[in-house]
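Start at 1 and go down the list; that is how both ligands and their atoms are numbered. The structure displayed is predicted, hence computed values, not measured ones.
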Amino acid sequence: MEELQRTHTCGELTAANQGLEVVLMGWVNRWRDHGQLLFVDLRDRDGMTQLVFNAENNADLHRLAKTLRSEFVIAARGQVRVRGKGLENPNLKTGEIEVVAGQLWVLSDAKTTPFPIEDEITTSEELRLKYRYLDLRRPKMQENFRMRHRITMTIRDYMDGQGFWEVETPILTKSTPEGARDYLVPSRLQRGSFYALPQSPQLFKQILMISGFDKYFQIVKCFRDEDLRADRQPEFTQIDIEMSFPSRETLFKMIEGMMSEVFGLNGIKMPRPLPRISFQESMDRYGSDKPDTRFEVFLQDFTEIFKAADASVFREMAETGQTVRGLVAPKTSYSRKTLDDIAAFVKQIGGAGVAWIKLGEEGTTSAPVVKNAGAAAVEAVIKKSGAEKGDTIFLMAGPTEATLNYLGSLRIELARRENWIPAGKWNMLWVVDFPLLEFDTSENRWVSRHHPFTAPVDEDLPLLESHPERIRAKAYDLVLNGTEIGGGSIRIHRSDIQSRIFKVLGFTEPEARDKFGFFLEALEFGTPPHGGIALGLDRMVMILSGQSSIRDVIAFPKTARAVDLMSGSPSPVSDQQLRELGIQIRKN
Ligand code: ASP
């Protein structure tokens with residue numbers, strides 16, 4: 001028998017194909033039994049086509065068609081017919097035509113699915129993840145993956161055009177420090193030793209520069225064993241990039257070109273060059289190092305006013321080197337209840353509290369907590385803030401960075417409540433001039449804000465040991481609508497500077513040698529200046545396909561507890577496997 005061959009997809013036939021004999025294959029999306037006539041919507045990745053079975057033409061065929069149920073996989077041969085006037089379906093790409101079936105093959109039948117294969121479903125995410133193969137059949141999901149594919153292809157073409165080589169780096173590797181916990185893989189051949197899954201290919205890509213590869217990129221899985229937040233996955237995909245002899249400007253230009261192509265896929269035009277903001281300004285104005293610049297509510301500094309105010313909590317804080325910052329929520333006229341809710345929000349994110357000054361529509365002012373500071377201070381705050389009738393001023397005091405962060409979160413929360421963020425805005429920008437280090441009070445030592453291979457700004461270098469807090473990094477983040485979509489840096493390419501950084505980070509010489517000896521050694525054999533960046537692919541696809549969860553753009557994601565509900569991983573392994581690895585499981 002001649003092999004049955006599909007001639008068209010379910011998404012491509014139009015009136016121009018009138019009379020053509022075709023073979024379609026796909027899933028039974030829906031069927032409607034109208035007595036003599038039976039209609040089947042046949043679905044594949046590309047769309048849906050209506051098949052018609054007519055009992056008058058072929059009773060046996062019609063009888064067979066009546067046995068079809070949702071999600072059966074079938075093949076049908078038939079003739080394309082333009083639908084009668086008024087019977088077209090404008091919602092369907094193939095809505096002008098139908099295929100009058102002459103032959104039918106049931107390629108496989110299907111059990112009743114636990115949820116319908118359609119876009120609007122109310123099924124729990126657990127069930128969707130358990131039956132992920134069914135979930136992925138839904139047209140919207142397939143659209144997400146079409147977009148993901150378009151994006152990765154666009155990036156590959158672009159990077160190739162820019163002279164970058166795609167190079168794979170190992171998955172079984174030595175721990176690389178990106179600040180998260182490693183996933184470990186026990187070695188069978190060297191008992192007691194472990195590979196780490198890469199948190200990123202950071203050291204490998206830098207070594208490729210030492211090898212003279214000049215321009216590297218990779219669309220690569222990275223693994224971080226973190227407690228998962230809504231937009232995190234234990235394994236995720238980065239567009240990882242490194243180049244030799246870069247200037248920050250060439251690197252920015254190259255990434256901006258890529259972004260403009262990627263976002264261009266959705267008709268979104270990115271300004272070039274992209275705006276830039278320093279870390280300091282971003283913190284001071286937005287209370288965040290990933291500022292959402294789509295709405296113009298800015299943080300302000302009121303510390304000086306309170307230093308001169310009557311004795312009050314705020315004066316005490318201002319005088320002891322802490323800060324008092326605030327923002328104006330325009331035209332909010334909040335009720336007491338709403339203000340309590342807002343205070344509860346601040347507590348919930350860890351803030352000590354929030355004070356407010358409410359400017360009533362009638363010109364009255366209420367400012368319960370701030371009142372102690374005296375009427376003059378309240379007046380001065382209102383004047384400086386530029387607040388008007390109906391506005392609310394929120395104030396927070398405490399250590400600078402924490403206070404800015406809390407206020408920044410409040411800014412976003414208010415934007416959400418008040419709908420300050422206009423739809424259809426795409427604000428992408430670079431955040432630059434990050435501090436190199438931050439003090440980790442729990443570990444009682446300086447830690448890298450980015451990673452330990454980030455170069456300090458040259459003129460700050462003499463202060464490295466004496467004033468670590470003052471050192472700026474040659475690091476940059478790419479931010480879109482308040483989400484960090486990428487980050488990178490110009491690297492240290494001299495082993496003496498790299499060693500000094502390790503020392504400031506509290507590594508002893510032997511510790512540094514043990515962890516990164518291979519890398520320090522490599523740096524000694526002629527290292528070109530180099531730098532790079534990694535962009536989060538999942539988030540980018542999520543944003544471009546209008547989804548709110550990265551799980552909707554990852555084919556087989558894990559839950560917040562890092563479980564794959566479909567395959568049931570992680571799972572226990574056999575005693576035999578454990579024995580081979582020399583591993584014993586402790587019960588507690
Ligand atoms: N490896 C870094 C990261 O994953 C990015 C970079 O510095 O290129 O965040």
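- Ring orientation note: the planes of Phe217 and Phe164 are nearly perpendicular, at an angle over 60° on the 30°/60° scale.
- Using bins of under 30°, 30° to 60° and over 60° for the plane-to-plane angle, the ring pair Trp430/Phe252 lands in the parallel bin.
- Centroid-to-centroid, the aromatic rings of Tyr216 and Trp165 stay 6.0 Å apart or farther.
- By the 4.0 Å N-to-carboxylate-O rule, Lys515 lies too far from Glu511 to be salt-bridged with it.
- Taking only nitrogen or oxygen atoms, main chain and side chain alike, Gln199 does not reach within less than 3.5 Å of ligand 1.
- Residue Gly487 approaches ligand 1 through these ligand atoms, each under 4.0 Å from one of its heavy atoms: 5 (C), 6 (C), 8 (O).
- Interface of Ile533 with ligand 1, defined as ligand atoms under 4.0 Å from a residue heavy atom, comprises 8 (O).
- Considering both main-chain and side-chain atoms, Ser200 comes within under 3.5 Å of ligand 1 through a nitrogen or oxygen pair.
- No side-chain donor from either of Ser282 and Asp289 sits under 3.5 Å from a side-chain acceptor of the other.
- Counting the atoms of ligand 1 from 1 in the order shown, those under 4.0 Å from a heavy atom of Gly488 are 6 (C), 7 (O).
- Taking only nitrogen or oxygen atoms, main chain and side chain alike, Arg224 reaches within less than 3.5 Å of ligand 1.
- Under a 4.0 Å criterion applied to the non-hydrogen atoms of Gln238, ligand 1 contributes the atoms 3 (C), 4 (O).
- If you look at Gln206 next to ligand 1, there are no close heavy atoms at all, none under 4.0 Å.
- Neither the backbone nor the side chain of Thr454 comes within contact range of ligand 1; no heavy atom lies under 4.0 Å.
- In this structure, Phe236 has its ring center at least 6.0 angstrom away from the ring center of Phe223.
- Proximity of Glu484 to ligand 1, defined as any heavy-atom pair under 4.0 Å, is not found for any part of the residue.
- Neither the backbone nor the side chain of Glu242 comes within contact range of ligand 1; no heavy atom lies under 4.0 Å.
- In terms of N/O distances under 3.5 Å, ligand 1 is not approached by Ser489.
- Distances below 4.0 Å separate heavy atoms of Lys205 from the following atoms of ligand 1: 6 (C), 8 (O).
- Ring geometry for Tyr131 against Tyr133 counts as perpendicular: the plane angle is over 60°, on a 0 to 90° scale with 30° as the lower cut.
- Taking the six-membered ring for Trp, Tyr476 and Phe434 have ring centres at least 6.0 Å apart.
- With a 6.0 Å cutoff to the six-membered ring centre and a 45° limit on the axis angle, Arg491 does not count as a cation-pi contact of Phe453.
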